[in-house]
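Since the structure comes first, as structure tokens, the remarks are kept for the end.
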Amino acid sequence: DGISDDVVKIGVLGDMSGVYSTGFSGDGAVAAVKMAVEDFGGEVLGKKIEVISADHQNKADVASATARQWIDEDHVDMITDLTNSAVALAVQQLASDKGVITMSTGAASADLTGKACTKYGIHYGYDTHALPVGTATAVVKNGGDSWYFITADYAFGHALQDNTSAVVKELGGSVVGSSDVPLASTDFSSYLLQAQSSGAKVIGLANAGQDTVNAIKQAHEFGIVEGGQQLAGMLVLISDVKSLGTDVAKGLNFTVGWYWDLDDESRAWKEKYMKYSNGAAPTFVHAADYSLTLAYLNAIKAAGTDDSDAVRAELSKQKIDDFFAKGGMIRKDGLLEHDMYLVQVQEGAEDPWNVAKVVRTIPGNEAYASLKDGGCAMAQE
Amino acid sequence: MSEQTAGIGNASEFEDSGPAESAPGNRIVQGVLWGLLILSILVAPAFLYPVFVMQLLCFALFACAFNLLIGFTGLLSFGHAAFFGGAAYFAGHAIKVWGLPPLFGIITGALGAAVLGYLVGALAIRRQGIYFAMITLALAQIVYFFALQLPFTGGENGLQGIPRGTLFGLVSLNDPIVMYYFVAAIFMIGFLIIYRTIHSPFGQVLQAIRENEARALSLGYNVDRFKLIAFVLSASLAGLAGATKAVVFQFASLTDAHWQTSGEVILMTLLGGMGTIFGPIIGAVTIVTLQHELASIGSWVQVVIGGIFIVSVLLFRRGIIGELARVLKVSGV
Amino acid sequence: MLLKLILAQGMLGLNNGVFYAMLSLGLAIIFGLLNVVNFAHGALYMAGAFVALILYSYVGAWIGLEQLHINFWVALVLAPVIVGCFGMLIERLLLRHLYKFDPIYSLLLTFGVTLVLQGLFINTFGASGTPYPGQPEQLRGVVNLGFMMFPKYRLFAIVFSVLVCLAVWFVIERTRIGAMLRAGTENPELVKAFGINVPLMVTLTFGFGTGLAGLAGVLAAPIYSVSPLMGADLIIIIFAVVVIGGMGSIMGAVVAGFGLGLIEGITKVFYAPAANTVIFFLMVVVLLVRPAGLFGRQS
Amino acid sequence: MSDFILEARQLGKSFGGFRAVNNVNLNVERGTIHALIGPNGAGKTTVFNLLTKFLTPSSGQILFNGEDITDLNPVEIANRGVVRSFQISAVFPHLTALENVRLALQKRLGVSYHFWRSKSLLSELDDEAIERLDQVGLKRFAHLRAVELPYGRKRALEIATTLGLEPELMLLDEPTQGMGTEDVGQVAELIRNVSVGRTIVMVEHNLGVVADLADTITVLNRGEILAEGPYDVVSKDPAVMEAYMGIKADEVEA
Amino acid sequence: MSMAVIDKPLLKIADLHAWYGESHVLHGIDLELGEGQLITLLGRNGAGRTTTLRAIMGMVDRRTGSIALRGEEFIGKPAHRIAPSGRIGYCPEERGIFSSLTVEENLLLPPVVGEGGMSLDDIYTMFPNLREVRKRMGTRLSGGEQQMLAIARILRTGARLLLLDEITEGLAPVIVKALGEAIRRLKAQGYTIILVEQNFRFAAGVADRHYVIEHGRVIDRIDDADVGTSMDKLNHYLSV
Ligand SMILES: Nc1ncnc2c1ncn2[C@@H]1O[C@H](COP(=O)(O)OP(=O)(O)OP(=O)(O)O)[C@@H](O)[C@H]1O
Ligand SMILES: Nc1ncnc2c1ncn2[C@@H]1O[C@H](COP(=O)(O)OP(=O)(O)OP(=O)(O)O)[C@@H](O)[C@H]1O
Ligand SMILES: CC(C)C[C@H](N)C(=O)O
Ligand SMILES: [Mg+2]
Ligand SMILES: [Mg+2]
């Protein structure tokens, strides 16, 4: 009992320099975690809380080697961020084998708490199941019933494409094709042409970050949107909208796990965060990073130990009720079920970061797969 | 545009290569190095993170295998990552999907690398010098794309969660110390194979080919076949290293097959000393340790590694062991 | 529909061919004349793109003129000069010391230079890439080619690079400079004794070849986002292009560059996953039937 | 029954459109020294390259001991006992003289592909290697690396190595080129010694050496045979005198 | 030995030392020759004759002493300035034919250093073999053809001082003879020539003087007229 090694170590393993380093991971995520630790008082059960971070370069092997050493040598108690599903899947498995809790935020694949779920793996913030529920539904209902996907060619992209396809088909739409694009491509033109000639009404972007931004830009460059096809970004952050410009992104619908302009509590948190991050507004992933850090520390406090089993159990006992999630709960399969928001790009707001307005709140139980449908074997008994 | 550049690191450049290998001074230095090697392998896990030492051993074996080609045959392969990384996938698949025990999985990996080595080698030895280097580089890139696109490799995700399993159905390799000595044994076997190859009748012919290919041909040696065998041997041993690494990290990834890894193994060998026995080990240990220690400075590691590359090429073409041998006036180390 | 798609992908392929051709051209000049395989060529291409970006987005701020954005046309002239000068520096300070050794050492040296350059740019600008905002006004918008809408800028890039390639080919193959350079590679000492300033010639040539890489970088900036890794995988493709064209052959580099871009583009129509590898497979085939490359001098 | 060890029939080689060797018929009698002479560019080196398959003939046939060897590759030809030397000296510079010779002897042990065995098993060849070195006067240099030998001795080492293969037929391309007078004498002596019991074909510009050693001389000119026979006959042939020695040169455009 | 001093030497070399890296090869060469003269440098293998020519051309790692050409000092000049300002043509021992250039490109390579050079036609007339092979790559030539090319190449440039190193090496007697003719003709046309030879008979009769070099020094100097009487001495110098 008590705190192992007299210190609680939180490891932020993220993409510190690559395509996901803005918006999802990087300094912004580290700032959120550190801010939470500070707000918590820097200590838990009288022991120091330490935050360390490392760059996984979007490489699962780099990530798992780092995680392995963190666990074996540095006795890290919890690993978070794990932006990039391939990374998260690898590290979650490894950490669980070694009895260490992971709390993935940036990573999206619903498999993390689905068929790849583990005893100590938690997925916090959003997933590929939750994203299309809002966005794809809205698009299909507006008449966009045939889709062509441009998909990031790894765990995340494929999961997102699958989950979106399921939504589209359920609503009677069809999927006419897809192109797999390597992560961090800069030229989407040939895929876009392929999509264009498929005749689909909607080009679904099953990618994220810089990839999404580039794809949308080039679609405009080649006159694809003018040609009558609609783009649907399945994972868009406000930072992406900002770099696209609201004129280019105009009309875009997308789904987020939180938006800073939801209520006063959120607005206040955003102001505070911006001081930590050199003036960049938080994305919903950063908010999740903060929220989960507090949740984890509270669980240690409540359990009176940093023992993984005790903390994991405690995490599922609490309700997550803060600026980020209202009445959210961490399920047996490790998924944080909470409300999601469909937002739409808006132009000309006063605050340069006010790039979207919320058009619909998607209740947690609608957004996420049920425990039963999620496919986590461990959670079925 | 002459293609007849003699192999790298040989002939004209280094005129003075000390006395015969069996001179008494050499014997002593050789003995000391062997002793140091064995001793440090035995005691390292007591002082260092075993997984890290295992990584060192894997890369050291990789570099030694590579050196067999560049240092003792005069062929610069710029695509050795294909064998290292390829074998990792073969081994991973054999263990994870076919359920082979780890040892047989690793052997499967090495055999797979041998087949790849045969295919790449047979094509590449049609050209010489810089062309050979570029062709191996490009062929390795094909292997890389296969690793990216074939269904069994897991694409960008890599092949994850390869079980370490048990050795001969007896001891679990999940115990880090057992795993360590298992890896150490593989390293020693690989290293001894290389050592013996260099000092075999076959090695003698390789050296002759490196020094004067046309003459070797006129003496009736089938030069291409010798080169190909050397290539396949080197590829298999690189594969042995890669497969072992896959079991250590329970992971086969694209990084291992990427050209940058091919570049790194060249650097390790160059830095330690091409054509020396122990040099590649020193080079691998230096580079891997650097990467490890400097991981916190992020991409500056690349700058440092690049800088070392430049300095070694400009000033230490003999490498650490090569320079040492020159100063001590010994050979065969 | 299929024909339309083939034409469209062909155009895009040709567009990539611009960079294959210009880069392999520079590589071929440097190799053919200096016997150096410049691994850093891709990194210098990247540097060229960054120079354009820096001129547009940063220089103004540095000198206190926030509103100053040095435009694309200026970059098109300045970047090759800057990159070329940097190339000459590399030649003077580093490569020069390796000519008397196996050319493989030059390859390794430039490999090291590549790592350093990439690392420096990643550290300064991040690995993810920044879009180049300075695309010239005159070249915005699209042209309707009948089978597709094609951005004006990309069309410009194609035409411009064809002209550059032709001009370079003329200078090297049709003037005495070429012969002097080749001789200088082979036996610099003797060429010097004939009264030619070989070291200067070599430096200028290297500067010219790398300047071409810088030029390609500027051309690329408005198309792709400017990223420290933009040249990293490209260089391997360029190697294959050069081997296919015939190492050291100027014509080979240009023809193979555009041709392979085209083939790669069309491959995407039929079997997209093969597009990555088609160039390397072609390389294998060429090696089997014509080891010196399509335009190389057979030995 | 003719005792020709080597016969070339209608041998031809073109480079592009240029016929470097044209319809050459060469009959080399067993146990003799056969010299190939001719002006520069006559095709002598090319003929050597054809005979050893370093070049592929455009036309013609090569018989060795009556068997057609036209389609064999250089390695197979060497392994049949036709071994050549080069116009410039060809040794393995960083191997010792002993190791150089041993490489030739090693072949007959059939262990050259055995990478798993120790090379110490080659030491059984040392005695014979020393003997070969002794034959060419290099015994005391056995443990010196070849680079350290003076030019003439490198040439001798090359011959000793070649002898290690016990070739039936040796082809020597300008063995005395670039040597000072004292070396020339030494090498000529050496060639005479090793010719015992085997056949030698040599290209040589030094007429003194040719006159001294050769039993038969074939004169090539512009890829074709101009004359053939013993020195006394050939050297008096007016065509040879004009084309090769340049007698009557005043009338020929220099 | 006769020590006739030339009034106005075209080339005067005094106390020339030269090094390759650490190795000190020339130990004080002194020689001189007047406009239109022909001298030979004789000596055994490794005596330093080639190095003397290379030192004149600035092709050694370090040189000291004096090389005065038409009164101008050449020691400090960078290598690429020597041929043009001295109007020198150099034919190296190893011939130095460029393999990546055609024969004609090889011929046209050396820049013109003065007026009065031979035209391509003159050259092909002098060496008809070369005309036949002019489109061929340099090193596809036979040894002898390469030798001709190496000499022809410098005759085009208008050089007036020719440094010729072992030009008869590896050549058939017929060519050696032709070259002898050519040398005679060049001399008659007023060229100044330094000839490095193993074979002094080749130059006997054309040369003005012979310098015997050993261990990087001039050990003797023999006027051509005295060759007959100095035969024993010469044989002694040149053989064992
Ligand atoms: N690979 C080649 N391509 C084109 N021409 C060639 C090639 N090799 C040789 N030749 C030509 O063939 C002719 C014969 O050359 P070869 O080397 O056989 O002459 P050689 O009799 O040995 O002369 P030398 O006594 O000068 O060595 C020459 O004119 C040469 O230019
Ligand atoms: N590049 C070099 N580096 C070091 N030493 C050299 C070099 N070239 C020549 N030497 C040495 O300098 C000395 C003189 O050589 P040089 O070539 O001038 O002789 P030479 O009189 O022309 O004889 P040869 O008949 O061999 O041409 C020799 O001892 C030789 O070994
Ligand atoms: C930043 C993200 C889009 C990463 C992605 N969510 C993934 O799972 O890989
Ligand atoms: Mg010849
Ligand atoms: Mg000489």
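Values below: every heavy atom of this structure, side chains too, minus hydrogens, waters and symmetry copies. Quick note on labels: first sequence line is chain A, next is B, and so on, each numbered from 1.
To the nearest 0.5 angstrom, E:R95 atom CZ is 14.0 Å from C:N187 atom CG.
In terms of heavy atoms, C:E189 sits closest to E:M59 at OE2-O, 3.2 Å. Taking each heavy atom of C:E186 and E:F98 in turn, the nearest pair found is OE1-CA, 3.1 Å. Counting all heavy atoms, side chain and backbone alike, C:I196 lies closest to E:L109 at CD1-O, 4.2 Å.
The environment of NE2 in E:H27 is crowded: more than 12 heavy-atom neighbours from other residues, nucleotides or ligands sit within 6.0 Å. Shown here is E:E72, whose CD atom has more than 12 heavy atoms of other residues, nucleotides or ligands within 6.0 Å.
The interface of residues 80-90 of chain E with chain C, defined by heavy-atom distances below 4.5 Å, comprises E:H80, E:A83, E:P84, E:Y90.
Using a 4.5 Å cut-off between heavy atoms, E:P92 contacts chain C through its side chain alone, with no backbone atom that close. If you measure heavy-atom distances from E:I97 to chain C, the contacts under 4.5 Å come from the backbone alone.
For the pair E:I154/C:F194, a side-chain contact is recorded, criterion being any heavy-atom separation below 4.5 Å from C-beta on.
Evaluation of the ring-ring contact (aromatic ring centres under 6.0 Å, His included) rule for C:F160 yields C:F156 as partners, not counting sequence neighbours.
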